[in-house]
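A quick write-up on the structure given underneath.
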Amino acid sequence: MSEPAQPSGARTAARAAATTVGDCEARARDRPLKLPSACGRRAKLCSRSARRNRTDRRDRMPRHRIFSGIQPTGEPHLGNYLGAIRQWVEQQEAPDRADALYAIVDYHALTIEIEPEQLAAWTLDMTASLLACGLDPQKVTLFRQSDVPEHAELGWIFSCVAALGDLQRMTQFKDKAEQNKDNINVGLFTYPVLQAADILLYKATQVPVGEDQVQHLELSREVARRFNRRFGETFPEPQPLLSKVARLRGLDGSAKMSKSKGNTVALGEAPETIRAKLKVAVTDPARLRRNDPGHPEVCNIFTLHGCFTGPRDPERLAAIERDCRSAALGCVDCKKELADRVVEQLTPIREAQAAWRARPDDLRDLLEVGRKKAAAIAEATMEEVRARIGVRGLAKRR
RNA sequence: AGGGGUGUAGCUCAAUUGGCAGAGCGGAUGAUUCCAAAUCAUCAGGUUGCGGGUUCGAUUCCUGCCGCCCCUGCCA
């Protein structure tokens with residue numbers, strides 16, 4: 001069935017909760033990579049070209065194409081959702097949306113130790129979660145990376161194009177290598193190269209990224225430039241699509257929300273668990289007593305209000321900020337209110353997730369549909385690449 | 001492949017001729033706070049990498065295997 005328990009509730013919820021597309025800025029043509037702060041300036045320009053695409057889409061490569069990936073390393077949490085998934089859904093709901101491909105990047109997940117059955121199970125489960133969040137396979141291409149072997153092929157070719165020095169500068173590799181000294185594999189190091197292949201295989205022009213991925217995307221751009229210079233113009237330079245969403249800290253106050261730290265709220269978390277976790281989440285350490293003025297700008301709870309209350313009720317968000325500063329609103333009440341918002345917005349997702357999990361065959365079918373769509377593009381790109389680099393055409397000589 | 005090192009609580013590491021396996025951090029609970037943080041108190045947590053052997057008794061000594069790190073090589 002191609003129209004399964006489509007969580008319309010979740011979809012509306014996600015859409016309503018979502019900030020507008022204008023919040024994400026597409027820096028379409030600027031060569032130097034700058035982090036945009038002001039948003040929306042280019043919205044018109046983008047929509048105009050996007051509209052042009054749509055009419056051409058049938059027979060021509062779209063001017064804009066979005067690619068992004070997510071690793072199947074467990075159930076996605078609030079950080080994944082607010083940082084990436086919600087943007088994906090927003091994009092697809094935009095009237096002038098670009099062509100978009102989203103991959104569950106299981107080859108990337110291989111850089112950490114993971115049991116084969118686990119990898120397969122999590123891949124399927126991630127599919128369920130993404131659909132539950134409202135991603136619509138009829139509007140975007142959703143597929144599994146390893147189903148399109150060209151990723152690996154292009155990855156090798158790119159590893160002969162990328163500069164060692166550039167990779168050695170990757171801070172994320174340094175961090176991960178430091179954290180996981182027992183398994184510093186080469187894949188961890190060349191990760192950004194495979195990522196460049198992921199993106200450029202589809203000649204994607206826009207990549208929704210979090211701040212931590214900007215450096216990797218810059219490498220993709222560099223790889224595209226180097227390839228083009230050496231083998232001829234082939235790839236566009238992908239642009240970052242930075243979301244304005246404030247960085248989410250972990251519930252324990254640490255810099256990042258990550259599963260390994262256990263400071264997350266999973267998307268399918270039970271309401272009681274959500275409430276319990278938020279209840280003991282770290283707030284503003286400077287606000288010692290009930291009547292002390294708060295500092296919303298440093299409070300992670302307020303950041304979360306910005307994500308869950310703000311988009312639906314900006315006035316309420318402003319009131320919370322004001323009342324926190326004036327101590328009219330206490331942290332306990334503030335957390336309760338947040339928990340209500342989170343629970344009510346996550347509930348449809350949780351239910352849809354459960355519904356999808358109950359129909360693994362449909363999930364597999366959907367991934368297969370995605371594979372076909374992705375493979376068609378990937379194969380075309382690779383034909384071009386093989387010809388350019390000189391690994392085709394031997395037999396034809398006479 | 002050979003040589004050297006290493007493997008003990010979730011993490012970093014202790015354990016004196018072979019004699020009840022501990023500490024710090026982290027975690028949980030309680031006190032205190034509007035909550036959280038901080039502070040104080042309490043608690044949990046282990047097949048000492050796996051298998052043999054010596055011994056009354058092995059984290060410790062011997063042996064085989066496994067993982068990881070470093071060095072020197074070999075093959076392509």
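In the text below, chain A, chain B and the rest are named by the order of the sequence lines, each starting its count at 1.
C69(B) and G30(B): their P atoms are spaced 43 Å apart (whole Å). The same atom, C1', is picked in A9(B) and in G24(B); the two are 12 Å apart, to the nearest Å. The same atom, P, is picked in G26(B) and in U60(B); the two are 31 Å apart, to the nearest Å.
Taking D166(A) as the reference, R169(A) meet the salt bridge (Lys or Arg N to Asp or Glu O under 4.0 Å) condition, with sequence neighbours excluded. The salt bridge (Lys or Arg N to Asp or Glu O under 4.0 Å) test applied to R290(A) returns no partner, not counting sequence neighbours. Residues forming a side chain to side chain donor-acceptor pair (under 3.5 Å) with S146(A) (at least two apart in sequence, or on another chain): D106(A). The side chain to side chain donor-acceptor pair (under 3.5 Å) check on Y191(A) picks up Q71(A), with sequence neighbours excluded.
Atom-to-atom distance recorded for E237(A):CD and N228(A):CG is 7.5 Å, nearest 0.5 angstrom. In this structure, CZ in R86(A) is found 5.5 Å from OH in Y81(A), a value given to the nearest 0.5 Å.
Counting any heavy atom pair closer than 4.0 Å across all strands shown, K335(A) reaches a base atom. Across all strands, D284(A) comes closer than 4.0 Å to base atoms (heavy-atom distances). Counting non-hydrogen atoms under 4.0 angstrom, V280(A) reaches the backbone sugars and phosphates but no base.
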Show me the side-chain donor-acceptor pairs of residues 108-120 of chain A shorter than 3.5 Å, one per line, residues at least two apart or across chains.
from	atom 1	to	atom 2	distance (Å)
H108(A)	NE2	D198(A)	OD2	2.6
T111(A)	OG1	H108(A)	O	2.7

Check: residues 270-279 of chain A side-chain donor-acceptor pairs under 3.5 Å, at least two apart:
from	atom 1	to	atom 2	distance (Å)
R275(A)	NH1	D340(A)	OD1	2.7
K277(A)	NZ	T264(A)	O	2.9
K277(A)	NZ	E269(A)	OE1	3.0

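Annotated stems with RNA chain B as a participant read B:1-7 with B:66-72, B:10-13 with B:22-25, B:27-31 with B:39-43, B:49-53 with B:61-65, given as range with range, by first number; only runs of 3 or more Watson-Crick or G-U pairs under 3.5 Å qualify.
Within the structure, every pair that satisfies the salt bridge (charged side-chain N to carboxylate O under 4.0 Å, His left out) test and touches residues 295-305 of chain A, not counting sequence neighbours, is listed here: E297(A)-R325(A).
Cluster partners of V105(A), using a side-chain heavy-atom cutoff of under 4.5 Å among ILVMFWY residues and allowing indirect links: none. Connectivity analysis of hydrophobic side chains (ILVMFWY, heavy atoms under 4.5 Å, direct or indirect) links I320(A) to F302(A), L317(A), L329(A).
RNA chain B lies under 4.0 Å from no heavy atom of any residue of residues 264-278 of chain A.
Along RNA chain B, the stretch of nucleotides lying under 4.0 Å from any heavy atom of chain A spans, 5' to 3', U33(B) to C68(B).
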